[in-house]
Protein chains: 2
Amino acid sequence: MTNERIEEYLETILYLTNKNKGPAKTNQIAEELKLSPPSVTEMIRKLFGSGYIKYTPYHGVTLTPKGCTEAMRIKRRHQLLETFLVDVLDLDPKFAHAEACEMEHSISETTLEKMCAYMGHPEICPDGNPIGHGECCPTEALNASYRDYIPLSELKEGEQGTIKIISLTREIKDRLSSIGLIPDQEIQVKRKLGQGTLSITAMGTEVAVGKNIASKIMVQSHGA
Amino acid sequence: MTNERIEEYLETILYLTNKNKGPAKTNQIAEELKLSPPSVTEMIRKLFGSGYIKYTPYHGVTLTPKGCTEAMRIKRRHQLLETFLVDVLDLDPKFAHAEACEMEHSISETTLEKMCAYMGHPEICPDGNPIGHGECCPTEALNASYRDYIPLSELKEGEQGTIKIISLTREIKDRLSSIGLIPDQEIQVKRKLGQGTLSITAMGTEVAVGKNIASKIMVQSHGA
DNA sequence: CTATATAATTAGGAAAGCCTAAACATGTCG
DNA sequence: CGACATGTTTAGGCTTTCCTAATTATATAG
Ligand SMILES: [Mn+2]
Ligand SMILES: [Mn+2]
Ligand SMILES: [Mn+2]
Ligand SMILES: [Mn+2]
């Protein structure tokens, strides 16, 4: 078995067992990978032999802990590459998905982590799904940061602060950055309006931010 | 024949015929690719059958125009990836070479061109070799520019200008940028010293530039 | 010009991954 | 219960790319 084939099967099995909330069926895997069912049966037996999957003939396939770890590793590669292709190189998202699924098998862990760092350890893939954390991601630091930072929604009128972390989808982030709300930007809360909506100033202009969004923007408070 | 195998053989044959200034030998190819000589003989026959190479038994292999075009396409992929890994992701150059040689087979032309553009159409690979021009590279614009620009070495004393294109190795470019000589930087020639050496000011400080280097820095003159 | 060292090719075969056609298991419906 | 539709596995075979061992070609030294 080549690495690439193992990876492609495990990735598919992870996807299908999640979708099914149960074992992946031979025919499903065959269709997903565009292979004949006998080819899948053959490979399934090998993956079983190597301890990647649990397999009961005629009943389907689930991942073992070993297989699951491996599958999630591939998924992370795929998502980081896809994010890179879309966010950095500005490729078409659909094209990027297919391209990432090719490249994911040849990129090394070292390169992937550099890429992850280059993008600032992104948390959401352009396809909308969350990206798993990797060795390189500052989980500890982030958690520590979260303790020091407070949601923008908690700032009082007149209080100033610096935006530190924005945990929102790409689309919303894009919208925010177009009105000047990006990490390390100084802001001040001008007024608190109804329903938790805030009126804040950033880069000299005044903008309104809804409650849901304000609660996902972590800031370092500088007091009033 | 899979694409990847064709690519790897052609890349090696291009490298060896250049190095030999003559045909690539079976054993050389085998050693380069870490394969047995019979495996190479077998593949050579297939590549010959597909018109990629000229092959005379017992005498060696050269590329046909078709094979040469293909080989240079792969080489460009390899070099752009290597440049990206080193210059953008900051990987170890030696590691980057090996990694690029893996990734070069799975990256698409579309992605490669986006990557080329992202880096500003680099002209020299970290390994020191020039990178071939691609579809995406602004050859026309560059040629047009060259007509408008003159070498820094041609400026007269007191004349001012803007640096536009620096056609030098990475090392020299790095050295120049550390003293403020980068594209779009305004400079002025203070004095012309002996041997074609110039004393110029950039960002308020005065630096000396030798003749060889000054002749590779194209500037847009603003007169005295 | 021949013996010998070196380089290249032929012969035969293995592993990986895929295929089609045929056989087999399983759940469902009359 | 039994026949059938559906999904799965078995049987047998193909292609690609690689290997080792044996053979053959070429070049060179005596
Ligand atoms: Mn994938
Ligand atoms: Mn894939
Ligand atoms: Mn290469
Ligand atoms: Mn390669």
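Quick note on labels: first sequence line is chain A, next is B, and so on, each numbered from 1. Note that the coordinates shown come from a computational prediction; the quantities given were computed from them, not determined experimentally.
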Whole-Å distance separating the [atom1] atom of [X] from the [atom2] atom of [N]:
| X | N | atom1 | atom2 | answer |
| --- | --- | --- | --- | --- |
| A:K34 | C:dC19 | NZ | P | 12 Å |
| B:L47 | D:dC18 | CG | P | 11 Å |
| B:E31 | D:dC19 | CD | P | 14 Å |
| B:I6 | D:dT17 | CD1 | C1' | 13 Å |
| B:H105 | D:dT17 | NE2 | P | 13 Å |
| A:M1 | C:dC18 | CE | C1' | 15 Å |
| B:E8 | D:dT17 | CD | P | 13 Å |

Under 4.0 Å between a side-chain N or O of [X] and OP1 or OP2 of [N]?
| X | N | answer |
| --- | --- | --- |
| A:T2 | C:dA16 | no |
| B:S36 | D:dC19 | yes |
| B:Y9 | D:dT16 | no |
| B:K46 | D:dT17 | yes |
| B:S39 | D:dC19 | yes |

Kindly write out the residues that satisfy ring-ring contact (aromatic ring centres under 6.0 Å, His included) with [X], not counting sequence neighbours, or none if the list is empty.
| X | answer |
| --- | --- |
| B:F84 | A:F84 |
| A:H105 | none |
| B:Y9 | none |

Kindly write out the residues that satisfy side chain to side chain donor-acceptor pair (under 3.5 Å) with A:H97, not counting sequence neighbours, or none if the list is empty.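 A:H97 satisfies side chain to side chain donor-acceptor pair (under 3.5 Å) with A:H78, A:E82 once adjacent residues are dropped.
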By side chain to side chain donor-acceptor pair (under 3.5 Å), which residues pair with B:S39, not counting sequence neighbours?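 Listed in chain order: B:S36.
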Donor + acceptor pair across side chains of A:T17, A:T62 (<3.5 Å):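 Distance-only check fails for A:T17 and A:T62.
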Applying salt bridge (charged side-chain N to carboxylate O under 4.0 Å, His left out) as the test, list every pair that has at least one member in residues 29-44 of chain A; sequence neighbours left out.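 Pairs touching residues 29-44 of chain A that pass the test: none.
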Readout for nucleotides 5-12 of chain D: B = base within 4.0 Å of protein heavy atom, S = sugar-phosphate only, - = neither; 5' to 3' it is --BBBB--
Apply side-chain contact (heavy atoms from CB on, under 4.5 Å) to residues A:Y118 and A:V88 and explain how you reach the verdict. CA-CA 10 Å; A:Y118 186 77; A:V88 178; 4.3 Å; yes
With a 4.0 Å heavy-atom cut-off, tell me which residues in residues 10-21 of chain A come close to DNA chain D, sorted by residue number.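 Within residues 10-21 of chain A, no residue comes under 4.0 Å of DNA chain D.
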Return all side-chain donor-acceptor pairs below 3.5 angstrom for residues 66-73 of chain A, not counting sequence neighbours, or 'none' if the list is empty.
unit_1, atom_1, unit_2, atom_2, d
A:K66, NZ, A:S50, O, 2.8
A:T69, OG1, A:P65, O, 2.9
A:E70, OE1, A:R73, NE, 3.3
A:E70, OE2, A:R73, NH2, 2.9
A:R73, NH1, A:E109, OE1, 2.8

